[in-house]
Q: 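I have a structure I would like to understand better, so I am pasting it below and will then ask my questions one at a time.
Note: hydrogens, waters and symmetry copies are ignored here, and every other heavy atom, side chains too, is used. Atoms within a ligand are numbered from 1 in the order they appear, just like the ligands themselves.
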Amino acid sequence: MTLKILQFGTTGQLATELLRQAPDHEVALTALGRADADLADPAACARKVMEARPDLVVIAAAYTAVDLAETEQALARAVNAGSPGAIAQAADAVAAAVVNISTDYVFDGAGGAPYAEDAATNPLNTYGATKLEGEAAVAAANARSLNIRTSWVVSPHGKNFVKTMLRVAAAGNPLKVVDDQSGRPTSAADLAGFILSQAPRLAAAKAGDPAFGVVHFANAGEVTWRDFAVEIFRQALGDQAPEVGGQKTADYKTPATRPLRATMDLGKLQQVYGVTPRPWQDALAEIVAALKA
Ligand SMILES: NC(=O)c1ccc[n+]([C@@H]2O[C@H](COP(=O)([O-])OP(=O)(O)OC[C@H]3O[C@@H](n4cnc5c(N)ncnc54)[C@H](OP(=O)(O)O)[C@@H]3O)[C@@H](O)[C@H]2O)c1
């Protein structure tokens, strides 16, 4: 029987990739955008789950404006924690499993990276704190839930670092990029592929199955934002690649504090799901090709 997936989000990077790839899988995917289900309204989102009675719910939308979250704390909390909790509870009521997406920003990045799934969390900003609350709310409401922590998500769609760097370079201005924060870039396409390929297992698995809980998903490798920019320009612009200067986080003031090295360990991904993510450079090449096409 075709698996029924209810997805929250239609326009974001991950949501776009899930919608693009769903036809390649044995799933019937219904996606709700902001106009159908506003994540600022947990009760309304829960009702959508009760009405749809899916096999699996995927929460692919979130409040992702990391700096703005410092001034819109209540909204960020409702979207990133209130609604995921309510959605997971409704999913439990209709015997649906749930996938929620979280972030490496649950870690303070002050030491101990690469962090395993059970490493101590200590978010430095409101976005990370609300995502961590969302993880807890989802896990408490539904024993058949998976919180996937990801990092530095990039794709040919929406807003992301790859597109920002290419836009800034096209404007011809001198470039300085933070060189003391490092992490793992993640292709939204690879994350979407992982979710869709695991969907049958998650929809069928019973509470207590190792597929549920928390898992880290990112592309393999680790890089600073500056060196990520250098590789983006090397791949996209070749000989025309601009010079990229370095900058310290301490000299680049933003409303939200960011972890210096929240790099996640990817061992569980291999052990529990048998998945070895490809290097971030390979994923980037696909994105650059799509942007050029
Ligand atoms: N981007 C990253 O680098 C990154 C890193 C770590 C974890 N994550 C997590 O990965 C997941 C996917 O991120 P992404 O990069 O695909 O996000 P994204 O491209 O920033 O898109 C966010 C999506 O959330 C939707 N949204 C925001 N507020 C909403 C609301 N009140 N009601 C309904 N929809 C709302 C937006 O809809 P509109 O188009 O209507 O605004 C948009 O579709 C999120 O859980 C995010 O926290 C992302």
Side-chain angles (χ1 to χ4, degrees), residues 6-21 31-46 48 57-69 72 74-84 86-88 98-107 109 115 123-135 137-138 146-165 181 183-192 194-195 214-219 223 225 228 256 258-259 262-264 280 283-284 287:
L6 181 66
Q7 171 178 317
F8 286 85
T10 53
T11 53
Q13 298 190 77
L14 175 61
T16 301
E17 280 298 332
L18 286 163
L19 284 165
R20 190 177 70 81
Q21 294 178 38
L32 305 175
R34 191 189 283 261
D36 313 303
D38 186 343
L39 289 164
D41 185 347
C45 293
K48 292 290 179 186
V57 179
V58 178
I59 306 171
Y63 186 105
T64 55
V66 175
D67 286 314
L68 196 57
E72 293 189 342
L75 177 60
R77 183 156 282 117
V79 172
N80 289 346
S83 280
I87 289 167
V98 59
V99 172
N100 181 51
I101 314 301
S102 187
T103 171
D104 59 331
Y105 281 13
V106 299
F107 298 116
Y115 294 99
L124 299 180
N125 55 47
T126 300
Y127 167 75
T130 60
K131 295 296 285 184
L132 184 60
E133 289 167 27
E135 286 185 17
V138 165
L146 175 62
N147 281 296
I148 305 175
R149 291 186 188 135
T150 189
S151 57
W152 298 28
V153 178
V154 289
S155 71
H157 332 287
K159 284 190 208 150
N160 62 69
F161 187 74
V162 176
K163 291 178 73 179
T164 301
M165 284 301 110
Q181 285 176 37
R184 298 193 197 278
T186 305
S187 154
D190 291 11
L191 177 56
F194 171 68
I195 293 168
V214 179
V215 70
H216 294 166
F217 187 99
N219 283 113
V223 68
W225 287 116
F228 191 13
R258 284 156 171 82
T263 305
M264 301 180 299
W280 64 265
L284 173 63
I287 294 167

Q: Has ligand 1 got any nitrogen or oxygen that is less than 3.5 angstrom from a nitrogen or oxygen of L14?
A: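 Looking only at distances, the answer is yes, because the N/O contact criterion of under 3.5 Å is met.
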Q: Atom 14 (P) of ligand 1: which of Q13, E17, R149, K131 has the nearest heavy atom?
A: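 Shortest heavy-atom distance from atom 14 (P) of ligand 1: Q13.
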Q: Is the shortest N/O to N/O distance between T11 and ligand 1 below 3.5 Å?
A: yes
Q: Specify the protein heavy atom at minimum distance from atom 20 (O) of ligand 1: its residue, its atom name, and the distance to 0.1 Å.
A: T64 OG1, 2.7 Å
Q: If you measure from atom 12 (C) of ligand 1 to every heavy atom of A218, G12, A60, which option wins on shortest distance?
A: A60
Q: Which heavy atom of the protein is the closest neighbour of atom 25 (C) of ligand 1, given with residue, atom name and distance?
A: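 Ranking protein heavy atoms by distance from atom 25 (C) of ligand 1, first comes A61 CB, 3.6 Å.
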Q: Do you know the tightest heavy-atom contact between N125 and A256?
A: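 Result for this residue pair: CB-CB, 3.8 Å.
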Q: Which pair of heavy atoms, one from C45 and one from S83, lies closest together, and at what distance?
A: SG-OG, 3.9 Å
Q: What protein heavy atom sits nearest atom 7 (C) of ligand 1, and how far away is it?
A: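 Checked against all protein heavy atoms, atom 7 (C) of ligand 1 sits closest to S102 O, 3.3 Å.
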Q: Counting only heavy atoms, which portion of V79 has something under 4.0 Å from ligand 1: side chain, backbone, both, or neither?
A: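 V79 to ligand 1: side-chain contact only, backbone stays beyond 4.0 Å.
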Q: Going by heavy-atom distance to atom 35 (C) of ligand 1, choose the closest among R34, K159, H157.
A: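 Minimum heavy-atom distance to atom 35 (C) of ligand 1 goes to R34.
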Q: With backbone taken as N, CA, C and O and side chain as the heavy atoms from C-beta onward, which portion of W152 lies under 4.0 Å from ligand 1: side chain, backbone, both, or neither?
A: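 Backbone only.
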Q: Give the residue and atom name of whichever protein heavy atom lies nearest to atom 32 (N) of ligand 1, and the separation in Å to one decimal.
A: L39 N, 2.9 Å
Q: Working to the nearest 0.5 Å, report the span between OG1 of T126 and CG of L68.
A: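 Answer rounded to 0.5 Å: 10.5 Å.
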Q: Quick test: of every protein heavy atom, which one is nearest to atom 48 (C) of ligand 1, and how far off is it to 0.1 Å?
A: V153 CG2, 3.7 Å
Q: With T186 as reference, evaluate D104, N219, T150 under the side chain to side chain donor-acceptor pair (under 3.5 Å) test and give the passing residue.
A: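 Exactly one pass, corresponding to T150.
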Q: How would you list, by chain and number, every residue that makes a side-chain contact (heavy atoms from CB on, under 4.5 Å) with A78, sequence neighbours excluded?
A: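 If we apply the side-chain contact (heavy atoms from CB on, under 4.5 Å) test to A78, skipping adjacent residues, there are no hits.
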Q: Among P84, G134, A62, A262, which residue places a heavy atom closest to atom 44 (C) of ligand 1?
A: A62
Q: Which atom names give the shortest non-hydrogen contact between R149 and M264, and what distance separates them?
A: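 Shortest heavy-atom separation between R149 and M264 comes out as O-CE, 3.3 Å.
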Q: For P156 and I287, work out which heavy atoms get closest and say how close.
A: N-CG2, 3.8 Å
Q: Quick check: Y127 and ligand 1, any N/O pair under 3.5 Å apart?
A: yes
Q: Could you report the tightest heavy-atom contact between D36 and K48, atom names first, then the distance?
A: O-CE, 3.0 Å
Q: With heavy-atom distances below 4.0 Å as the criterion, list the atoms of ligand 1 near A37.
A: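 Counting from 1, the qualifying ligand atoms are 32 (N), 33 (C).
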Q: So is G9 touching ligand 1 or not, going by heavy atoms under 4.0 Å?
A: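 Under 4.0 Å: no for G9.
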Q: To the nearest 0.5 Å, what is the distance between CD1 (I59) and CG (L14)?
A: 11.5 Å
Q: Can you report which non-hydrogen protein atom sits closest to atom 6 (C) of ligand 1, along with the distance?
A: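 In this structure, atom 6 (C) of ligand 1 has T150 O, 3.2 Å as its nearest protein heavy atom.
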Q: Can you report which non-hydrogen protein atom sits closest to atom 11 (C) of ligand 1, along with the distance?
A: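 I find the closest protein heavy atom is I101 CG2, 3.6 Å.
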Q: Polar contacts were defined as any N/O atom of the residue lying under 3.5 Å from an N/O atom of the ligand; does this apply to A15 and ligand 1?
A: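 Looking only at distances, the answer is no, because the N/O contact criterion of under 3.5 Å is not met.
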Q: Can you check whether F161 and W152 have ring centres sitting under 6.0 Å from each other?
A: no
Q: How close do A218 and R184 get, heavy atom to heavy atom, and via which atoms?
A: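 Minimum heavy-atom contact is CB-CB, 3.6 Å.
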Q: To which of D36, L191, L32, D38 does the heavy atom nearest atom 31 (N) of ligand 1 belong?
A: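 Heavy atom nearest to atom 31 (N) of ligand 1 belongs to D38.
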